[in-house]
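Data block below; observations after.
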Amino acid sequence: MTTKLESPVKTQMVVTLISGLLNRDCHESTRGNLARRRRVFVQTETGCVLGMELERGDNAHTVKRRLQLALSVPTDQSSLTFGDRILNNDLSAIRNHSPLLLARNAMHRSSSTPCLSPTGKNLLQKDQSDPIEILGCPNNFARIDELVKDIVAAIKKGVDPIPVHGGLGGAYYFRNISGESVAIVKPTDEEPFAPNNPKGFVGKALGQPGLKSSVRVGETGFREVAAYLLDYDHFANVPPTVLVKVAHQIFNVNCGVNGDKIQKKKRVSKIASLQQFILHDYDAGDCGTSSFPVAAVHRIGILDIRIFNTDRHAGNLLVKKLDGEFGQVELIPIDHGLCLPEHLEDPYFEWIHWPQASIPFSEDELEYIRNLDPICDSEMLKMELPMIREACLRVLVLCTIFLKEATAFGLCLAEIGEMMSREFGGREEKPSELEAVCLEARRIIEDLNMSNVEAEEGNEEFLFDIDCENAMIVDPSQVISSDFFDQVSYPTRTSIVKVADIRPVRPEENWYKTASKLPTSLKNIDVGVRRSANDQLPTSISFVKVADMSEEQWILFLEKVRELLYPAFGNRRRATIGQRQRLGSSCKF
Ligand SMILES: Nc1ncnc2c1ncn2[C@@H]1O[C@H](COP(=O)(O)OP(=O)(O)OP(=O)(O)O)[C@@H](O)[C@H]1O
């Protein structure tokens with residue numbers, strides 16, 4: 001295995017980091033020149049996208065005024081947002097090719113108010129820019145840059161994309177000049193429940209909680225890219241993926257928020273994920289799993305744990321038969337739009353009961369895991385995808401630490417997956433073993449009188465507030481009673497974890513304290529939103545918030561989690577041994 005530092009992606013990150021620093025210096029000295037060159041893509045809640053050049057001296061107000069003229073939308077009651085940030089004035093932090101969202105302010109919105117919707121005539125037809133522009137630095141995606149050029153050449157010759165019929169969201173196969181599918185494009189405003197979903201799943205504006213309460217509508221695209229970027233050395237085989245602004249008449253535009261009428265087709269611009277199309281024979285739901293290589297299952301599982309994948313169902317694993325090797329197959333993981341949730345959820349790991357997941361990790365795999373550095377990963381994602389929310393980064397850091405500690409303890413993939421999955425007892429959803437550890441860690445912090453969970457309550461600017469009128473929020477004080485941890489009845493938990501039993505932290509492993517490098521822009525975030533009355537699909541409870549802690553609390557929290565993990569690992573190991581004994585000696589791997 002290539003070590004992390006030798007990895008091409010890693011090397012690229014280092015280069016990006018250095019050039020980022022250089023650019024920052026450069027930015028200080030020639031702030032005006034750089035500012036003049038920036039191009040941003042503003043998306044309205046209904047999905048309409050407008051590319052615009054930021055001019056010297058532009059601020060949020062001047063940009064909004066220009067948007068009002070261009071889109072004929074009332075922008076005085078709206079906010080310009082970029083990930084977690086509301087852009088009130090200064091735009092100097094906005095990088096070239098950033099996607100911004102123009103959304104109605106929470107206080108001016110109720111479920112009956114229509115979304116911001118452009119009324120400017122022929123606006124969409126006026127966009128004469130390139131059919132596809134990569135968001136972010138195209139040099140970082142040299143491989144996909146060629147692919148984009150092939151697609152653009154094909155579009156110019158009239159080779160149209162083909163809509164994908166499966167799935168809940170809008171997706172399109174884009175082709176090369178020979179008519180072969182080379183990429184799958186998924187517009188962010190055609191996701192399930194997004195305003196322009198072509199399959200009838202509509203009703204929400206961009207930025208509202210979506211199919212999962214922990215993933216907002218319109219935010220699956222950058223998660224697809226994040227999974228690819230985190231897949232160092234192409235370890236798990238995630239196909240190359242980028243975020244693009246793409247214009248074509250094939251895309252769907254619904255009339256009105258209910259999505260009942262479709263406009264006559266015309267060229268529209270969208271923000272979308274673009275992923276290389278991989279020729280395959282079927283997906284993991286269409287065949288037996290016994291031919292799946294142990295290493296492929298392990299590698300995909302390792303990625304799923306790191307990114308807390310809530311959607312690894314069989315359809316999201318493509319299977320390709322390998323030539324000349326009887327029965328041998330390659331696995332290709334796709335569809336990572338529901339990873340990196342803003343709070344812990346119930347993950348979905350199709351592989352959890354496959355025999356391969358119970359086989360111990362190989363030395364190569366363990367080394368890959370040892371080389372993972374969650375702080376580096378989150379810095380890299382912030383650099384490449386500056387719109388990513390801090391809550392997602394915290395979930396990444398927490399899960400990577402969990403993976404590293406669990407494998408150091410000697411747990412296998414199935415055991416790790418089980419510790420992250422929730423038990424369903426009757427109609428009740430119970431926290432997973434990982435969540436129970438996190439809840440206990442938060443209780444300890446509160447006991448230490450360091451918690452400030454309700455700080456800065458009521459900031460109206462946070463977008464989730466939009467839907468909170470009828471939302472059920474799990475109050476941590478209700479679930480984290482002093483004896484909660486002891487009372488949670490897990491079939492697999494055989495002894496009570498006490499803080500006094502905690503193994504001391506190994507001094508050489510204090511690297512995670514560099515978590516203090518994480519930024520402190522974590523205000524106003526309440527990620528514990530439960531389903532609102534009009535949700536169309538059941539959503540799961542949020543037991544553990546990660547984004548409402550101050551930086552100091554977050555570091556202490558990670559420290560406590562890490563300490564509490566070891567007794568929990570012991571319990572899990574005893575449970576596994578108990579299960580194997582019950583199954584008998586015929587069930588060996
Ligand atoms: N990289 C790829 N290469 C080849 N085919 C792909 C690729 N990505 C997706 N597909 C195909 O497109 C279909 C839809 O893709 P995907 O599952 O990502 O979309 P979705 O709308 O998010 O689906 P779902 O609602 O099932 O989650 C897949 O079932 C698969 O057949």
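All values derive from a computational prediction rather than experimental measurement. Just so you know, ligand 1 is whichever comes first in the structure, and atom 1 is the first atom listed for that ligand.
Using a 3.5 Å distance cut-off with no hydrogens or angles, the side chains of D311 and N309 do not pair a donor with an acceptor. Under the 3.5 Å distance criterion, with hydrogens and angles disregarded, no donor-acceptor pair is assigned to the side chains of T310 and E345. For the residue pair Q43 and T188, a side-chain donor N or O sits within less than 3.5 Å of a side-chain acceptor on the partner. Defined by atom type and a distance below 3.5 Å, a donor-acceptor pair is present between the side-chain atoms of N196 and D189.
For atom 15 (O) of ligand 1, the nearest non-hydrogen atom from the set I184, V182, D335 comes from I184. Nearest residue to atom 29 (O) of ligand 1 from P239, G315, P240 is G315 (criterion: closest heavy atom). The closest heavy-atom contact to atom 4 (C) of ligand 1, among the options F277, Y282, Y172, comes from F277. When K320, H280, K186 are checked for heavy-atom proximity to atom 19 (O) of ligand 1, K186 turns out nearest.
Between F235 and Y368, the ring planes lie parallel to each other; the angle is under 30°, not in the 30° to 60° tilted range. By the 30° and 60° cut-offs, the orientation of the rings of F277 relative to Y173 is perpendicular.
Proximity of V246 to F174: side-chain heavy atoms (C-beta onward) are separated by under 4.5 Å at one or more points.
Here the protein heavy atom with the shortest distance to atom 30 (C) of ligand 1 is I334 CD1, 4.0 Å. Protein heavy atom in closest approach to atom 3 (N) of ligand 1: I278 N, 2.9 Å. The closest protein non-hydrogen atom to atom 31 (O) of ligand 1 is Y173 OH, 4.0 Å. Among all protein heavy atoms, the one lying closest to atom 26 (O) of ligand 1 is G167 CA, 3.8 Å. With hydrogens left out, the protein atom closest to atom 13 (C) of ligand 1 is V164 CG1, 3.9 Å, a heavy atom.
Applying the salt bridge (charged side-chain N to carboxylate O under 4.0 Å, His left out) test to E224 and every residue at least two apart in sequence or in another chain returns K186.
Aromatic ring centres of Y348 and H313: separated by at least 6.0 Å.
Heavy atoms of L168 found under 4.0 angstrom from ligand 1 belong to the backbone as well as the side chain. Residue I332 does not touch ligand 1, judged by heavy-atom distances below 4.0 Å. If you look at N316 next to ligand 1, the close heavy atoms, those under 4.0 Å, all belong to the side chain. When non-hydrogen atoms are compared, ligand 1 lies under 4.0 Å from the backbone of Q276 (N, CA, C, O) but not from its side chain.
Heavy-atom proximity to G169, at under 4.0 Å, picks out these atoms of ligand 1: 21 (O).
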